[in-house]
K.L.:
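Could you have a look at this structure, given as structure tokens, before my questions?
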Amino acid sequence: MKFARRLTAWKSLLTKRAERTRIRDEDCLPLDTMSQEAQKSSVITIEHAPEYAGEVVTVRGWLYNLRESGKLLFPIFRDGTGVMQGVISLKEQPQAFEALKGLTQESSVIVTGMIQAEPRAPGGCEIHIQAVEVVQKVPESSPYPIQLKEHGVDFLLDQRHLWIRTPRQAAILRIRAEAIRAARNYMDAEGYTLTDAPVFTPAACEGTTTLFEVNYIDDQKAYLTQSGQLYVEATAAALGKVYTFGPTFRAEKSKTRRHLTEFWMLEPEAAFAHLADMMDLGEGLVSAIVQSVVKNRARELAALGRDVSKLEKIAAPFPRVTYDEAVKVLQTAGNPTKWGDDFGGDEETLLSKEFDKPVIIHRYPAAMKAFYMATDSERPELSLSFDMIAPEGFGEIIGGGERQSDYETLVRRIRESSLPEEAFQWYLDLRRYGSVPHAGFGLGLERTVAWICGTEHIREVIPFPRMLYRVYP
RNA sequence: UCCCCGGUAGCUCAAUGGUAGAGCGUUCGGCUGUUAACCGAAAUGUUGCAGGUUCGAGUCCUGCCCGGGGAGCCA
């Protein structure tokens, strides 16, 4: 009902805007009218502009801001790779001056001019404009809604399709891409094969209350996956060492800065692997991701104002404490946690503040972990599980452990968890036909990227966040 | 589901129960080195919705809607 109401509101808002935004023909220039200057000069991206000092080049992008000072204009252009200031005087370039004067924010432009080092310009160089082609002028009657000033969260999320144009958001999305690339490179180099888990599933992997139910063909019900875990166990028995990387969905009624209803997980699984192997893999993976971002996305981290010295310290090995020890640490710090309690956000933050690296907590009580988790043979009340908590209070980024490989125990755990046994027959086959010890984990991409970027809220690190009561745009 | 905070111009926010305002953006004018430029002027309102109290409600009361933060749960 809430969605329906909001959708109606959005539709009327969009209709109103469309009425205001009728674009006139004279606002647009066909691309074949490119000036002779533009046709002669080489097209470059702003990130490489300093390398072209002294040369005449063409930049294609959008007008980010325009400062006017009489017969002198200072437009700032952005092209997705960065922003660069331009300068133009009425006296020297009257035609281009008129084209730029009064031009509205986010109008699309093709600009030709000479790159010059300029200490007074943000970024250290600027373009002395010789020719401008306005590809599309944003009409004054409906100016670009996002200004160069503070905005509220609700407004920005409604404008997410435009918000991602701002330099800060663009930097975050580039860091996300780098994190994904680094993670896949690391997993591939470790001999893991990428396999994909289905998005439609017949039953729950985690709790049943957080499933998104969808109508499948012919009145069947299906559910959006909460985790690729069970499928990756099957492919591990087929290929040995595997991982999935894809979206997962949880209908948790959670409104916190750490939650999305749709988020991406990287889930490795290896046959004949044990808890310690996965803790090693997890710290190696996280180190590789962080170091790759530090090395290849220094500009973006600087744009975010991130303290890179904290990230530079992130290298394996990470500190490891058992659940038993963690409870003692918390109690010593005056926290009321008792043995058997799960750790909430406060407890995680308290524990992570003890270290300047992610901390691994292992061997949680079996009662608080999922049905497929193996138990410690020496202390059956403990599970062979581990979590990795990010520093600086960014919360749990990895959860995993060794899987229950015994058929009878697994059947009993499925019954105890009130899960539909028939839906898990294929999964139980993995214990009928050549069951082996195996282990894996899930790494939450957005929480990891949020920590690396130091963002206040996880919603900024995914292009189009899906959250409780928000599926637009 | 529960607790706390909020909803006023396109945006960010003001406004002892007593004439709804400012800055930004937009429009018009000025300015040859601006840094979210600056200076001058103009236009812009169903104060989330519905009731109630009152001579009078943006302000107080009740209900509802919407959003934010957090708890539980989780990556």
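Throughout, a chain's letter reflects where its sequence line sits, starting with A, and its residues are numbered from 1.
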K.L.:
Rounded to the nearest angstrom, tell me the gap between atom CD1 in A:Ile129 and atom C1' in B:U32.
P.N.:
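It works out to 15 Å between those atoms.
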
K.L.:
Looking at B:C73, I'd like to know if its phosphate oxygens (OP1 or OP2) sit under 4.0 Å from a side-chain N or O belonging to A:Arg250.
P.N.:
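Answer is no, no contact under 4.0 Å.
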
K.L.:
So, OP1 or OP2 of B:C74: does either fall under 4.0 Å of a side-chain N or O from A:Arg257?
P.N.:
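Looking at the OP1 and OP2 atoms of B:C74, neither is under 4.0 Å from any side-chain N or O of A:Arg257.
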
K.L.:
Using whole Å, report how far CD of A:Glu140 lies from C1' of B:U44.
P.N.:
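Those two atoms, CD and C1', are 17 Å apart.
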
K.L.:
What integer distance in Å separates A:His151:NE2 from B:G67:C1'?
P.N.:
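Answer to the nearest Å: 17 Å.
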
K.L.:
Pick the P atom in B:G40 and in B:A71, then give their distance to the nearest Å.
P.N.:
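The same atom, P, in both gives a distance of 48 Å.
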
K.L.:
How far does the P atom of B:G70 sit from the matching atom of B:G18, given to the nearest Å?
P.N.:
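Here B:G70 and B:G18 have their P atoms 36 Å from each other.
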
K.L.:
Less than 4.0 Å between a side-chain N and a carboxylate O, is that true for A:Arg470 and A:Asp154?
P.N.:
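Answer for the salt bridge query: yes.
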
K.L.:
Output the rounded distance in Å from CG (A:Leu73) to C1' (B:G30).
P.N.:
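To the nearest whole Å, that distance equals 14 Å.
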
K.L.:
Is there a side-chain contact between A:Asn335 and A:Glu347 (heavy atoms, below 4.5 Å)?
P.N.:
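They are in contact (side-chain heavy atoms under 4.5 Å apart), so the answer is yes.
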
K.L.:
For atom C1', what is the distance between B:C3 and B:C61, given to the nearest Å?
P.N.:
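After rounding to an integer number of Å, I get 22 Å for this pair.
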
K.L.:
In this structure, are over 12 heavy atoms from other groups packed under 6.0 Å from A:Glu150 atom CD?
P.N.:
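Atom CD in A:Glu150 is not packed in, count stays at 12 or less.
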
K.L.:
Answer with base, sugar-phosphate or nothing: what part of the nucleic acid does A:Glu262 contact at a heavy-atom distance below 4.0 Å?
P.N.:
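Here A:Glu262 touches no strand at all.
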
K.L.:
If you measure from the C1' atom in B:G6 to the same atom in B:C13, how many Å do you get, rounded?
P.N.:
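About 13 Å, rounded to a whole number of Å.
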
K.L.:
Within the supplied structure, the quantity of interest is the number of heavy atoms (other residues, nucleotides, ligands) at a distance under 6.0 Å from A:Phe155 CZ; does it exceed 12?
P.N.:
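Yes, the 6.0 Å shell around CZ holds more than 12 heavy atoms from other groups.
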
K.L.:
A:Tyr323: which residues meet the ring-ring contact (aromatic ring centres under 6.0 Å, His included) condition with it, sequence neighbours left out?
P.N.:
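Scan of A:Tyr323 (ring-ring contact (aromatic ring centres under 6.0 Å, His included), adjacent residues dropped) gives A:Trp339, A:Phe343, A:Tyr364.
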
K.L.:
Can you tell me how far C1' in B:C73 sits from the matching atom in B:U1, rounded to whole Å?
P.N.:
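Nearest-Å result for B:C73 against B:U1 at atom C1': 12 Å.
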
K.L.:
To the nearest 0.5 angstrom, please state how far the CD atom of A:Gln169 sits from the CD1 atom of A:Ile164.
P.N.:
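Reported to 0.5 Å precision, the distance equals 9.0 Å.
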
K.L.:
Using atom CZ of A:Phe343 as one end and atom C1' of B:C73 as the other, report the distance to the nearest whole Å.
P.N.:
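Value for this atom pair: 16 Å.
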
K.L.:
State which of B:G25, B:A75, B:U34 makes the closest approach to the side chain of A:Met265.
P.N.:
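In terms of side-chain proximity for A:Met265, the closest of B:G25, B:A75, B:U34 is B:A75.
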
K.L.:
Looking for any heavy atom pair under 4.0 Å, which part of the strands does A:Gly395 touch: base, sugar-phosphate only, or nothing?
P.N.:
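Touches nothing.
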
K.L.:
What is the nucleic acid contact for A:Phe155, judged by heavy atoms within less than 4.0 Å: base, sugar-phosphate only, or nothing?
P.N.:
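Sugar-phosphate: the residue A:Phe155, judged by heavy atoms under 4.0 Å, touches backbone atoms but no base.
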
K.L.:
Is it true that A:Glu68 and A:Lys101 have a side-chain N and a carboxylate O under 4.0 angstrom from each other?
P.N.:
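Salt bridge present between A:Glu68 and A:Lys101.
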
K.L.:
A:His128 has an atom NE2; how far is it from atom C1' of B:G33, in whole Å?
P.N.:
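So the two atoms are 10 Å apart, to the nearest Å.
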
K.L.:
Hey, is the side chain of A:His457 poking within less than 4.0 Å of OP1 or OP2 on B:G69, counting only N and O atoms?
P.N.:
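A:His457 to B:G69 OP1/OP2: side-chain N or O found under 4.0 Å.
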
K.L.:
Measure from CE on A:Met368 to P on B:A75 and round the result to the nearest Å.
P.N.:
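Rounded to the whole Å, the gap is 13 Å.
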
K.L.:
What nucleic acid atoms does A:Asp342 come within less than 4.0 Å of, heavy atoms only: base, sugar-phosphate, or nothing?
P.N.:
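Sugar-phosphate, no base atom in range.
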
K.L.:
Could you work out which one of B:G68, B:C73, B:G25 sits closest to the side chain of A:Arg258?
P.N.:
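Nucleotide nearest to A:Arg258's side chain: B:C73.
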
K.L.:
Is there a side-chain polar atom (N or O) of A:Arg459 under 4.0 Å from OP1 or OP2 of B:G69?
P.N.:
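Checking A:Arg459 against B:G69: at least one side-chain N or O falls below 4.0 Å of OP1 or OP2.
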
K.L.:
Is it true that, when you exclude A:Glu325 itself, more than 12 heavy atoms of the residues, nucleotides or ligands shown sit nearer than 6.0 Å to its CD?
P.N.:
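Enclosed.
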
K.L.:
Any salt bridge linking A:Arg306 with A:Glu392? Criterion: basic side-chain nitrogen under 4.0 Å from a carboxylate oxygen.
P.N.:
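A salt bridge is present here (some side-chain N lies under 4.0 Å from a carboxylate O).
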
K.L.:
As a test of reading the structure: which of B:G70, B:U26, B:G68 is closest to the side chain of A:Pro143, going by heavy atoms?
P.N.:
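When the side chain of A:Pro143 is considered, B:U26 is the closest of B:G70, B:U26, B:G68.
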
K.L.:
For residues A:Arg120 and A:Gln85, is any side-chain donor paired with an opposing acceptor at under 3.5 Å?
P.N.:
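Side chains of A:Arg120 and A:Gln85: no pair found under 3.5 Å.
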
K.L.:
Among B:G70, B:A75, B:C31, which is the nearest nucleotide to the side chain of A:Ile458?
P.N.:
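Within the option list, the nearest is B:A75.
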
K.L.:
State which residues pass ring-ring contact (aromatic ring centres under 6.0 Å, His included) with A:Phe464; sequence neighbours excluded, sorted by chain then number.
P.N.:
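In terms of ring-ring contact (aromatic ring centres under 6.0 Å, His included), with neighbours along the sequence ignored, A:Phe464 is linked to no residue.
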
K.L.:
Give one of base, sugar-phosphate or nothing for A:Gln105, where a contact means two heavy atoms less than 4.0 Å apart.
P.N.:
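Result for A:Gln105 = nothing.
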
K.L.:
Taking B:C5 as the reference, what is the distance to B:C31 when you measure between their C1' atoms (whole Å, please)?
P.N.:
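To the nearest whole Å, 45 Å.
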
K.L.:
Give RNA chain B the dot-bracket treatment, 5' to 3': Watson-Crick (N1-N3 with N6-O4 or O6-N4) or G-U (N1-O2, O6-N3) under 3.5 Å, [ ] crossing, | other strand.
P.N.:
(((((((..((((....[..)))).(((((.......))))).....(((((..]....))))))))))))....

K.L.:
Tell me the interatomic distance from A:Asp346, atom CG, to B:A71, atom P, rounded to whole angstroms.
P.N.:
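The answer, rounded to whole Å, is 6 Å.
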
K.L.:
Heavy atoms under 4.0 Å, any strand shown: does A:Glu150 hit a base, just sugar-phosphate, or nothing?
P.N.:
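It contacts base atoms.
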
K.L.:
Under 5.5 Å centre to centre and under 30° between planes: does that hold for A:Phe263 and the six-membered base ring of B:A75?
P.N.:
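Yes, the aromatic ring of A:Phe263 stacks with the base.
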
K.L.:
Taking the P atom in each of B:A9 and B:G29, what is the distance between them to the nearest angstrom?
P.N.:
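That atom pair is separated by 29 Å.
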
K.L.:
Distance criterion of 3.5 Å, no angle test: do you see the side chain of A:Gln85 paired donor-to-acceptor with the base of B:U34?
P.N.:
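Between B:U34 and A:Gln85, which were checked side chain against base, a qualifying N/O pair under 3.5 Å is present.
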
K.L.:
Could you tell me how far B:U59 sits from B:U16 if I compare only their P atoms? Round to whole Å.
P.N.:
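13 Å, rounded to whole Å.
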
K.L.:
Between A:Glu68 and A:Leu445, name the one whose nearest nucleotide on RNA chain B is closer to the 5' end.
P.N.:
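Result: A:Glu68.
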
K.L.:
Under 4.0 Å between a side-chain N or O of A:Arg447 and OP1 or OP2 of B:C74?
P.N.:
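Checking B:C74 against A:Arg447, no side-chain N or O comes under 4.0 Å of OP1 or OP2.
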
K.L.:
By the 4.0 Å heavy-atom rule, please label A:Leu260 as base, sugar-phosphate, or nothing.
P.N.:
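Base, at least one base atom sits under 4.0 Å.
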
K.L.:
Closest to the A:Lys71 side chain: B:C31, B:U34, B:G68?
P.N.:
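Looking only at side-chain atoms, A:Lys71 lies closest to B:C31.
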
K.L.:
Can a donor-acceptor pair under 3.5 Å be found between the side-chain atoms of A:Glu126 and the base atoms of B:G33?
P.N.:
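Indeed there is one.
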
K.L.:
Mark yes or no for a side-chain to base donor-acceptor pair under 3.5 Å between A:Ser254 and B:G72, with no hydrogen or angle criteria applied.
P.N.:
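Such a pair is found, so the answer is yes.
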
K.L.:
Ignoring hydrogens and angles, does a donor from either the side chain of A:His259 or the base of B:C74 sit under 3.5 Å from an acceptor on the other?
P.N.:
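Result: at least one qualifying N/O pair found.
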
K.L.:
Between the side-chain atoms of A:Lys253 and the base atoms of B:G72, is any donor-acceptor pair under 3.5 Å?
P.N.:
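Absent.
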
K.L.:
Would you classify A:Glu446 as touching base, sugar-phosphate or nothing, given that sugar-phosphate means primed atoms plus P, OP1 and OP2, and contacts are heavy atoms under 4.0 Å?
P.N.:
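Touches nothing.
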
